[in-house]
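Everything below concerns the one structure shown next.
In the text below, chain A, chain B and the rest are named by the order of the sequence lines, each starting its count at 1.
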Protein chains: 2
Amino acid sequence: MKIGELSRATGTNIETIRYYERIGLLPAPARTAANYRSYGEAHRARLSFVRHSRDLGFTIEEIRSLLDLSDDPARDCTDADRIASRHLAQVEAKIAQLTTLRDELARIVGRCRGGAAADCRVIEALGDHRHCESAH
Amino acid sequence: MKIGELSRATGTNIETIRYYERIGLLPAPARTAANYRSYGEAHRARLSFVRHSRDLGFTIEEIRSLLDLSDDPARDCTDADRIASRHLAQVEAKIAQLTTLRDELARIVGRCRGGAAADCRVIEALGDHRHCESAH
DNA sequence: GCTTGACCCTGTAGTTGATACAGGGTGCAT
DNA sequence: ATGCACCCTGTATCAACTACAGGGTCAAGC
């Protein structure tokens with residue numbers, strides 16, 4: 001499989017595949033006589049793993065750890081669970097933070113009555129960090 | 001006010017303040033005889049505006065637009081409202097995306113029964129993109 | 001008067017996770 | 001033989017900072 005085929009097979013940009021190889025996330029594949037990269041099924045599976053993990057928001061370093069684990073079938077699986085749990089906690093924290101932020105934004109937008117920027121409530125709200133309290 | 005005081009007054013890293021000046025988000029302040037930056041109340045207010053907007057997730061370019069608007073009191077305020085509304089929509093989209101992602105992660109974690117990585121459900125779930133369907 | 005430490009300066013490089021060329025080589029069809 | 005799609009390496013760019021290196025300034029204490 002050439003890089004373009006692997007790209008289509010996994011929905012990954014060609015440049016991204018080369019990037020993953022460069023940072024050591026994917027092993028360097030064999031080369032053809034013309035120096036083209038030649039991939040097999042194992043590469044495809046590994047790249048799918050990486051893409052799916054990235055879609056779930058794992059960082060490259062987390063994925064590296066997960067790959068190390070799966071490369072060594074004797075190792076304890078609880079490590080993988082710990083990485084995933086910690087990531088889940090981070091995602092939940094991010095959702096909580098964005099929800100707070102959304103509430104504040106929702107309070108700000110829609111205040112505009114089409115007047116001049118001089119009395120714009122939106123700009124005013126952004127400038128004054130205490131508008132939350134003063135709103136109560 | 002020297003840069004360290006402005007930093008403490010706004011909770012902004014000193015390097016970040018200089019960065020904002022470099023990219024033209026904050027005006028270059030007057031200098032003392034020793035070439036130290038000397039800030040006034042207007043600078044503090046502007047930086048607070050920037051920080052608050054950044055905390056709400058606005059990009060630098062969005063903040064630049066908002067600042068342009070507030071610098072020109074004659075301009076129509078609906079522009080500010082439009083920027084904020086679009087941003088609110090983006091935040092809501094991000095929350096929705098993260099919520100989906102959290103559900104998938106929650107399904108994955110806790111499956112580990114302390115066995116070897118060879119039969120790790122976590123690693124398995126990450127490798128197989130179709131585990132969602134196969135779970136049903 | 002001299003040192004110590006806190007502060008300030010400029011300029012450059014690093015971070016994450018890619019993406020976008022520039023400038024060239026390969027392979028196949030017409 | 002000449003397009004055209006595809007591949008190669010290497011470097012630069014993005015956002016929004018952060019982190020030095022290598023130096024200058026200032027007030028306090030000995």
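Interface remark: the A/Glu5 side chain does not form any donor-acceptor pair with the D/dC6 base, using a distance-only criterion of under 3.5 Å.
Among the atoms of the strands shown, none is found under 4.0 Å from any heavy atom of A/Phe58. Residue-level contact check: B/Ile23 touches neither bases nor backbone, having no heavy atom under 4.0 Å from any strand. Base engagement by B/Arg18 is indicated by at least one non-hydrogen atom pair under 4.0 Å involving a base atom.
Put simply, the residue from B/Leu6, B/Ile3, B/Ile14 that forms a side-chain contact (heavy atoms from CB on, under 4.5 Å) with B/Arg37 is B/Ile3.
Contact annotation: B/Arg22 side-chain N/O to C/dT10 OP1/OP2 distance is not under 4.0 Å. Within the 4.0 Å cut-off from OP1 or OP2 of C/dT10, at least one side-chain nitrogen or oxygen of B/Arg37 is found.
Here the P atom of nucleotide C/dG24 and the OH atom of A/Tyr36 are 16 Å apart, to the nearest Å. Here the P atom of nucleotide C/dG11 and the CD atom of B/Glu21 are 11 Å apart, to the nearest Å. Rounded to whole Å, atom C1' of C/dG27 lies 14 Å from atom CG of A/Asn35.
Distance from the side chain of B/Tyr20 is smallest to D/dC17 among C/dT19, D/dC7, D/dC17. The nucleotide whose nearest atom lies closest to any side-chain atom of B/Ile3 is, among D/dT18, C/dA18, C/dC8, C/dC8.
Nearest-nucleotide mapping onto DNA chain C: of B/Ala34 and A/Asn13, the residue sitting toward the 5' end is B/Ala34. Residue order along DNA chain C, read from the 5' end via each residue's closest nucleotide, puts B/Tyr39 first among B/Tyr39 and A/Tyr19.
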**OP:** Please lay out, stage by stage, how B/Tyr39 and B/Arg46 fare under the test side-chain hydrogen bond (donor to acceptor under 3.5 Å, both in side chains).
**Re:** CA-CA 11 Å; B/Tyr39 296 99; B/Arg46 195 174 180 98; over 6 Å; no
